[in-house]
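The structure under discussion appears below in the form of structure tokens.
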Amino acid sequence: MNVETSSALGGRCLCGAVNFSATPLSLTMSACHCAMCRRWAGGVGMAVACAPALRIDDSSALGIYRSSGWGERGFCKACGSSLFWRARDGSALVVSAMAFEDPAQFELKTEIFVDEQPCNYAFAQPTRRLTGAEALAAFSKPNPS
């Protein structure tokens, strides 16, 4: 189910104050076990890699938290829903899988920062599992053009 999609998909926060559309790069999602994502999402961070262009219908309810020197996280200022992480330079965007209108369309394929995963949960299906160092190395590889 690693099908590329070229159409934007809609989603929203819990209260509906932030509505968005994003274009997934594929119909797969990843789970991030790093401490920052777990605190941000209130559990494992499950996200879909998307094209960098994100359309927000009304950005007045959108909050941005600069979580590192190179990344920022978007959330609803009204209900607190975690919506996306993006590179501050605009080069990358991952959207919370569960914020999309139909999250069941995404297949869990990869887990990252497995070396930071607490021992009190695990996914049943087999996935590609990367440590933090392996994930960062994969992210830093140049994109073949």
Side-chain angles (χ1 to χ4, degrees), residues 1-117 121 123 125-145:
M1 197 157 111
N2 192 12
V3 178
E4 285 194 24
T5 178
S6 60
S7 58
L9 300 176
R12 66 181 183 86
C13 65
L14 178 62
C15 73
V18 178
N19 288 277
F20 68 85
S21 63
T23 304
L25 300 179
S26 73
L27 293 177
T28 62
M29 65 180 166
S30 297
C32 183
H33 300 287
C34 81
M36 197 178 304
C37 282
R38 286 185 286 113
R39 288 186 189 277
W40 176 63
V44 63
M46 300 181 83
V48 176
C50 292
L54 175 69
R55 186 180 59 74
I56 305 289
D57 289 346
D58 177 6
S59 61
S60 66
L62 181 66
I64 300 293
Y65 173 68
R66 291 188 175 189
S67 56
S68 69
W70 50 281
E72 59 189 18
R73 296 166 188 267
F75 62 94
C76 175
K77 291 191 280 187
C79 68
S81 293
S82 304
L83 298 172
F84 62 85
W85 175 94
R86 67 181 169 201
R88 288 178 58 194
D89 68 3
S91 64
L93 170 70
V94 294
V95 176
S96 174
M98 300 306 145
F100 282 100
E101 292 300 334
D102 180 15
Q105 66 190 311
F106 303 112
E107 181 181 8
L108 178 61
K109 293 295 248 179
T110 306
E111 296 177 66
I112 60 173
F113 287 85
V114 297
D115 49 331
E116 294 186 33
Q117 180 179 352
Y121 70 85
F123 293 108
Q125 69 270 38
T127 60
R128 181 177 177 216
R129 294 176 49 85
L130 303 174
T131 65
E134 291 167 333
L136 291 173
F139 296 149
S140 65
K141 287 183 182 175
N143 228 356
S145 299

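For this chain, numbers begin at 1 and follow the sequence in order.
Considering only heavy atoms from C-beta on, Met98 comes within 4.5 Å of Met29 through its side chain. Considering only heavy atoms from C-beta on, Ile112 comes within 4.5 Å of Cys32 through its side chain. A 4.5 Å side-chain heavy-atom check between Leu83 and Leu62 finds at least one atom pair inside the cut-off. Leu14 is not listed as a side-chain neighbour of Cys76, based on a closest heavy-atom distance of 4.5 Å or more. No side-chain heavy atom of Lys77 sits under 4.5 Å from any side-chain heavy atom of Cys13. With contacts defined as side-chain heavy-atom distances shorter than 4.5 Å, the pair Thr28/Thr110 does not qualify.
Between Phe106 and Phe100, the two ring planes are tilted [angle within 30° to 60°].
The structure places CZ of Arg129 at 5.0 Å from CD of Gln117, a figure rounded to the nearest 0.5 Å. With values rounded to the nearest 0.5 angstrom, Phe84 atom CZ is found 11.0 Å from Arg73 atom CZ. A distance of 11.0 Å separates OG of Ser21 from CD of Glu101, quoted to the nearest 0.5 Å.
Here the closest heavy-atom approach between residue Ser7 and residue Thr23 is recorded as O-CG2, 3.9 Å. The two residues Asp115 and Gly132 come nearest to each other via the heavy atoms OD1-N, 2.8 Å. Listed here is the closest heavy atom pair of Ser68 and Gly71: OG-N, 2.9 Å. Of all non-hydrogen atoms in Ala31 and Phe123, the two that sit nearest each other are CB-CE1, 3.8 Å. When all heavy atoms are compared, the tightest approach of Cys50 to Val95 is SG-CG2, 3.8 Å. Between Val94 and Ala47, the shortest heavy-atom contact is CB-CB, 3.9 Å.
In this structure, Phe113 has no ring pair (Phe, Tyr, Trp, His ring centres under 6.0 Å) partners at least two apart in sequence or on a different chain. Judged as a side-chain contact (heavy atoms from CB on, under 4.5 Å), and not counting sequence neighbours, the contacts of Tyr65 are Ser67, Phe75. Every side-chain contact (heavy atoms from CB on, under 4.5 Å) that Ala61 has, sequence neighbours left out, goes to Ala17, Val18.
No side-chain donor-acceptor contact under 3.5 Å links Lys109 to the backbone of Leu27.
Sorted by first then second residue, the salt bridge (Lys or Arg N to Asp or Glu O under 4.0 Å) pairs that include residues 78-97, not counting sequence neighbours, are Glu72-Arg86. Applying the ring-ring contact (aromatic ring centres under 6.0 Å, His included) definition to pairs two or more places apart or across chains, those involving residues 25-61 are His33-Tyr121. Listed by first and then second residue, the salt bridge (Lys or Arg N to Asp or Glu O under 4.0 Å) pairs that reach into residues 42-57 are Arg55-Asp57, sequence neighbours excluded.
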